[in-house]
Amino acid sequence: METKLINQPFEQVQADALVLVVYEDQAAPTEIGQLSAWLEEMKSSGEFSGKAGELLVRHEPAGLTARRLALVGGGKKESFDSAGLRKAAGSAVRALKQKGVKKLAFWLAGGDAGAAVEGAILGNFDPDEHKTSSDAKPLESFIAVGGTAEAFERGRILGESQNFTRELVNQPANLLAPLTLAAKAEAMAKEFGLECEILDQDRMRQLGMGALLGVAQGSAEPPALIILRYKPASPSKDHLGLVGKGVTFDTGGVSIKPADGMEKMKYDMAGGAAMIGAIRAIAQLKPALTVTAFIPAVENMVGSRAQRPGDIVKSLGGKTIEVLNTDAEGRLILIDALTYAQREGCTHLVDAATLTGAIVVALGYVNIGAFTNNDSMLQRVMTAAKAEGEKMWHMPLDDEYKELLKSPFADLANIGGRWGGSISAAWFLREFVGETPWVHLDIAGTAWNEETKPFIAKGPTGVGVRTFVRLATEW
Ligand code: BES
Ligand code: ZN
Ligand code: ZN
């Protein structure tokens, strides 16, 4: 989709539809002039109230150049923020493209052009890439009317990068194995001037990444550790490491998952894909901070070479692990990547992973679960998340939970039992980051939309991308 920012009077905007936000507790906006009587009538008859996500369309609106005037509900004026604007733009795009609109203009009236273009780009995405005939009718062009060029450009980059992540997550595992993900990351790096290095199986053996390799050994698809480096013009004191779980498919291994819903486990690389999308945007926005993304990519399969429950593996950090459950594979690949990130000089770490079903039990589909060994680091991440409208909830990591990971046979067990499962998983990671300020984000409940919403399609959400970019740019 082509995106553009213009400045033009309301009556002169040329488009298939010109969209304007209307609030439930405000009088008709002055821009619509003589059409305000019509809007008041729609409101009093109950056809349109201005609640968030509602849409009202008028063809051949008198006095306007645009072919349609579309009013999108913004809810209450006072609580309408950038997140509300992002959703309003997304809802307008999703509803109007279904009506055949190709060129959509959005009247900003002093609002945030960044949030509007993000919402439009995100709303224009449908997970239908592999349908040979689809009923989704994407927009061809989105025009923001008003707002600053800087905000608009940032929003365009963010929206496109988040969709890049969603495209990766949307690929089924037969079309996206670890090496395919690596190749896509490499091509992206080339396009945006990032350094890319791929550690292959032999290299990881030499290094001693036994935890990662134990997970990978059951698959015919070789693993990869994908490394993407962004370097600012002058080197920074701090070095942010973004580590993302890249399990291209999670059968559970020998501790196999139930068949029902297993197909969804193609999204078990959503954390890795979020880091790839984030650094794609960072490469374009060029903050003054060194940022490196590390994506351990593996496929967790069953077979004669697969790792068994009870196997003991040695991690890159040197600790031994008893693999009590082969389905707790995410933590095994992440610890070797976290250790490697520290050896590469990262002073601060953030990881994102579809790590546990337990986080979905705790927080549902709304909040990311956030864990840390350093409250001020968490504050930075939460501030960035809030500004980007991505919800996070601080989860506990008391010492008592650490006891759950004791093993009589190795330094650690890879599971801590049923209760508090996302906390013992986070503790497992924490055992490998030492004192380095670190935030772990469990995105199992937020990386996939179970149902289409007015502003966003069913399927991959691309959660995390905007937060990580803001974290880097506001560092
Ligand atoms: N990828 C899953 C976690 C998951 C579950 C993500 C549901 C999205 C939706 C992870 O590898 C896993 O299988 N975790 C196990 C851990 C358990 C064996 C301790 C889980 O959550 O059941
Ligand atoms: Zn698993
Ligand atoms: Zn998994």
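As the structure lists them, so they are numbered: ligands from 1, and atoms in each ligand from 1. Note that the structure is a prediction, hence the values are computed from the model and not measured.
With salt bridges taken as basic N to acidic carboxylate O contacts below 4.0 Å, one links E344 and R229. The pair E54-K51 does not meet the salt-bridge criterion, since no charged nitrogen lies less than 4.0 angstrom from a carboxylate oxygen. The residues K97 and E140 are annotated as not salt-bridged, no charged nitrogen and carboxylate oxygen being separated by less than 4.0 angstrom. A salt bridge links D126 with R94; the closest basic N to acidic carboxylate O contact falls under 4.0 Å. Remark: K131 does not engage D128 in a salt bridge, criterion side-chain N to carboxylate O under 4.0 Å.
Nearest protein heavy-atom neighbour of atom 16 (C) of ligand 1: R331 NH2, 3.8 Å. Among protein heavy atoms, atom 20 (C) of ligand 1 sits closest to G357 N, 3.9 Å. Counting only heavy atoms of the protein, atom 12 (C) of ligand 1 lies nearest to D327 O, 3.2 Å. Of the protein's non-hydrogen atoms, M265 CE, 3.8 Å is the one closest to atom 7 (C) of ligand 1. What sits closest to atom 9 (C) of ligand 1 on the protein, heavy atoms only, is Y267 OH, 3.4 Å.
Close approach of ligand 1 to K245 is summarised as follows: ligand atoms under 4.0 Å from at least one heavy atom of the residue are 1 (N), 10 (C), 11 (O). Residue A444 has at least one heavy-atom neighbour below 4.0 Å for each of these atoms of ligand 1: 6 (C), 8 (C). The distance from ligand 1 to the heavy atoms of N325 drops below 4.0 Å at these ligand atoms: 18 (C). Distances below 4.0 Å separate heavy atoms of I415 from the following atoms of ligand 1: 19 (C). Of all atoms in ligand 1, listed by their number and element, those nearer than 4.0 Å to a heavy atom of K257 are 2 (C), 12 (C), 13 (O). Interface atoms of ligand 1 facing E329, defined by a heavy-atom separation under 4.0 Å, are 11 (O). Taking every heavy atom of T354 and a limit of under 4.0 angstrom, the matching atoms of ligand 1 come to 1 (N), 2 (C), 3 (C), 6 (C).
In the model, D411 has a side-chain atom that pairs as donor or acceptor with a side-chain atom of T320 under 3.5 Å. Looking at Q171 and E129, their side chains do bring a donor and an acceptor atom within 3.5 Å of each other. A donor atom on one side chain and an acceptor atom on the other are found under 3.5 Å apart for R280 and S161.
Between F428 and F432, the two ring planes are tilted [angle within 30° to 60°].
Residue L355 touches ligand 1 through its backbone alone, judged by heavy-atom distances below 4.0 Å. Here D250 has side-chain heavy atoms under 4.0 Å from ligand 1, and that is the only part of it that gets that close. By the criterion of a heavy-atom distance under 4.0 Å, neither the backbone nor the side chain of M269 is placed next to ligand 1. Of the heavy atoms in K264, none comes closer than 4.0 Å to ligand 1.
Within a 6.0 Å sphere centred on NZ of K257, heavy atoms belonging to other residues, nucleotides or ligands number more than 12. In the displayed structure, K102 atom NZ is contacted under 6.0 Å by more than 12 heavy atoms of other residues, nucleotides or ligands. Within 6.0 Å of atom CG in D260, 12 or fewer heavy atoms from other residues, nucleotides or ligands are found, so the atom counts as exposed in its surroundings.
Assignment of W448 to the shell around ligand 1 is not supported, since no heavy atom sits closer than 4.0 Å.
Protein contacts to the Zn ion (ligand 2) involving N, O or S atoms at a distance below 2.8 Å are D250 OD2, D327 O, D327 OD1, E329 OE1.
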For this session: Kindly determine whether K406 and E403 satisfy salt bridge (charged side-chain N to carboxylate O under 4.0 Å, His left out), including the steps that lead there.
Result: CA-CA 6 Å; K406 281 195 169 145; E403 305 301 312; 2.7 Å; yes

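Under the 3.5 Å distance criterion, the side-chain polar atoms of S407 are left unmatched by any main-chain donor or acceptor of L412.
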